[in-house]
Student: 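Mind having a look at this structure? Questions to follow.
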Amino acid sequence: MAEFKADVLVLGAGMVGVSAALHLQQRGRDVILVDRHELAGEETSFGNAGIIESASVFPLMFPRDFGLILQYALNRSPHVRYSLSDLPTSLPWLLRYFLASSPERALHSAMAELPLIQRSLLEHEALMAEAGVPDLLRRTGWIKLFRSDATLANGVRDFERARQYGVAGEVLDGKAIMAREPNLTGEFAGAVYYPAPGFVPDPGALAKAYAALFTRKGGRFLVGDARTLEQGDGRWRVSGPEGGASAREIVVALGPWSDLVFRPLGYSIPLGVKRGYHLHLAPRGNAVLSHPVLDSDLGYLLAPMNRGIRLTTGVEFARRDAPPNPIQIEQALPRAHALFPLGEAVDAKPWKGARPCLPDMVPVIGKAPRHAGLWFDFGHQHHGLTLGPATGRLLAEMMTGETPFADPTPFAAARFG
Ligand SMILES: Cc1cc2nc3c(=O)[nH]c(=O)nc-3n(C[C@H](O)[C@H](O)[C@H](O)COP(=O)(O)OP(=O)(O)OC[C@H]3O[C@@H](n4cnc5c(N)ncnc54)[C@H](O)[C@@H]3O)c2cc1C
């Protein structure tokens with residue numbers, strides 16, 4: 001069996017791990033990227049809605065509006081569902097999420113992430129140029145539709161708030177919506193159009209292109225299982241079917257599976273998941289969708305991917321590994337068919353994934369408090385495609401002793417005690 005040595009092992013080849021590996025490599029580190037799959041970007045980083053959310057300054061927090069909370073509690077919201085049988089497991093985390101969502105704490109989370117959000121598109125552009133995949137970035141922005149005057153007013157208020165931090169946007173009336181997306185049908189109170197965010201029509205291919213750039217530049221990829229991690233003689237070692245790999249430093253970038261490593265090492269970081277689904281459908285006839293469109297009141301999004309129109313759902317609170325429950329896709333399908341001319345499903349069954357989330361919606365990035373050479377980079381919640389490259393830079397700067405471009409303090413694992 002082969003035995004490989006490097007300066008750093010990065011565990012997890014999703015958008016977050018691949019981006020960290022590239023940034024470490026740029027700074028002269030010899031890196032081995034380890035994943036249980038043979039290819040990068042096969043999990044959460046494959047299935048997302050493809051938006052580089054450079055306009056999403058405020059993370060999605062637990063609502064404080066009583067009416068909304070009641071809808072959630074009754075499991076009647078199209079945005080959020082919970083599994084009743086998993087509720088005892090989810091409840092303590094949901095309580096922490098609720099507490100972290102007070103206006104002051106939510107603002108703190110947003111301000112911590114702001115430098116990363118503002119840098120997100122720039123960082124992708126640089127990597128896409130180097131990887132030679134400019135066609136994986138569409139400069140379409142995205143549209144948030146509202147069906148009632150009340151929700152439109154909330155949406156416009158959110159936009160006005162984000163505008164204070166440099167976010168560009170445009171409020172659209174029915175005519176302006178039709179001008180942008182002539183194939184939509186429905187009664188809309190209006191929409192907010194965010195022109196700046198990028199759209200990636202194949203997020204899995206983007207993670208693979210970044211991984212290909214990493215190996216082209218001399219990086220190595222090992223199929224291995226993070227659960228085999230052991231520490232000895234100042235080195236960390238993992239193994240897989242092709243052999244083992246060891247390094248003095250290790251980065252945990254396992255997204256929703258990061259607890260497989262940090263928990264056995266004694267860290268009780270409250271990593272939870274917000275599960276989500278997608279299904280591709282063929283557009284009917286010559287119908288074209290030019291932007292990702294969030295049908296905000298009805299809780300689903302349509303995105304014009306290379307494979308077809310990708311319908312993505314809102315949030316499901318259930319155990320990461322619990323069997324899929326396609327009810328959110330089933331509920332969204334007739335609404336989506338009414339919004340846009342959709343034909344047959346392209347996929348045999350819906351895809352299920354899990355957004356890795358900390359209760360304050362801020363990822364954990366930085367040194368592990370109690371183990372030399374152990375670094376964390378996970379919990380990118382709804383924004384992992386967006387933030388992968390920016391957080392990869394931040395982590396690599398911390399690991400190589402450069403001055404970090406953003407204050408890393410709010411990302412420390414130590415905030416959880
Ligand atoms: C429906 C949905 C829509 C979304 N839309 C967007 C969006 O529009 N924009 C956006 O920015 N974000 C979006 N997100 C969030 C985004 O997809 C995630 O935050 C992001 O993909 C997390 O990336 P990651 O690299 O941390 O995790 P992952 O991509 O899941 O990568 C983790 C890696 O760890 C590997 N792994 C797991 N266990 C082991 C093991 N034991 N040994 C070795 N390797 C292992 C996995 O194989 C995987 O490759 C969405 C998410 C969902 C679910």
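Indexing begins at 1, ligand by ligand and atom by atom, following the structure's order.
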Student: Kindly confirm or rule out a cation-pi arrangement of R157 over F146, judged by NZ or CZ under 6.0 Å from the six-membered ring centre and within 45° of its axis?
Tutor: no
Student: Answer with side chain, backbone, both or neither: which part of E53 has a heavy atom less than 4.0 angstrom from an atom of ligand 1?
Tutor: side chain
Student: At less than 4.0 angstrom from any non-hydrogen atom of H380, what atoms of ligand 1 do you find?
Tutor: 19 (O)
Student: Looking only at heavy atoms of G224, does any of them come nearer than 4.0 Å to an atom of ligand 1?
Tutor: yes
Student: Among L11, L311, L229, V16, which one has a heavy atom closest to atom 24 (P) of ligand 1?
Tutor: V16
Student: Taking only heavy atoms of I51 into account, list the atoms of ligand 1 that are under 4.0 Å away from them.
Tutor: 7 (C), 8 (O), 9 (N), 10 (C), 11 (O)
Student: Only heavy atoms count here, so choose which of G384, G14, S45, P203 is nearest to atom 23 (O) of ligand 1.
Tutor: S45
Student: Any idea which of P197, G276, A226 brings a heavy atom closest to atom 42 (N) of ligand 1?
Tutor: A226
Student: Relative to F340, does R284 satisfy both conditions: NZ or CZ under 6.0 angstrom from the six-membered ring centre, and within 45 degrees of the ring's axis?
Tutor: no
Student: Quick one: look at H278 and ligand 1, take heavy-atom pairs under 4.0 Å, and tell me if it's side chain, backbone, both or neither.
Tutor: neither
Student: Kindly indicate whether a cation-pi arrangement holds for R119 with F405, taking the cut-offs as under 6.0 Å to the six-membered ring centre and within 45° of the axis.
Tutor: yes
Student: Against heavy atoms of E43, which atoms of ligand 1 measure under 4.0 Å?
Tutor: 30 (O), 46 (C), 47 (O), 48 (C)
Student: Report the C-alpha separation of H37 and E43 in whole Å, then their side-chain angles, then the decisive distance to 0.1 Å, and conclude whether the side-chain hydrogen bond (donor to acceptor under 3.5 Å, both in side chains) test is met.
Tutor: CA-CA 9 Å; H37 293 298; E43 296 284 354; 2.6 Å; yes
Student: Check each atom of ligand 1 against the heavy atoms of H37 and keep those under 4.0 Å away; list them by number with element.
Tutor: 47 (O)
Student: Residue-level breakdown please: for P256 versus ligand 1, do any non-hydrogen atoms fall below 4.0 Å on the side chain, on the backbone, on both, or on neither?
Tutor: side chain
Student: Evaluating non-hydrogen atoms only, which member of Q328, M15, R227, R355 is closest to atom 51 (C) of ligand 1?
Tutor: R355
Student: Could you tell me which atoms of ligand 1, counted from 1 in the order shown, lie closer than 4.0 angstrom to a heavy atom of G12?
Tutor: 33 (C), 34 (O)
Student: Should E42 be listed as contacting ligand 1, given a heavy-atom distance under 4.0 Å as the test?
Tutor: no
Student: Classify the side-chain pair S246/R235 by whether it contains a donor and acceptor separated by less than 3.5 Å.
Tutor: yes
Student: Could you check which of L385, N48, T312 puts a non-hydrogen atom nearest to atom 4 (C) of ligand 1?
Tutor: N48
Student: Other residues, nucleotides and ligands only: do more than 12 of their heavy atoms fall within 6.0 Å of CZ on R161?
Tutor: no
Student: Heavy-atom contacts with T386 under 4.0 Å: which atoms of ligand 1 show up? List them by number with element.
Tutor: 9 (N), 10 (C), 11 (O)
Student: Counting heavy atoms only, which of H383, R36, H382 comes nearest to atom 38 (N) of ligand 1?
Tutor: R36
Student: Under a 4.0 angstrom heavy-atom cut-off, which atoms of ligand 1 come close to W257?
Tutor: 30 (O), 37 (C), 38 (N)
Student: Checking side-chain polar atoms at under 3.5 Å, does E53 have a donor or acceptor matched by the opposite partner on Y194?
Tutor: no
Student: Is the terminal nitrogen or CZ of R335 (NZ for Lys, CZ for Arg) located under 6.0 angstrom from the six-membered ring centre of Y300 and within 45° of that ring's axis?
Tutor: no
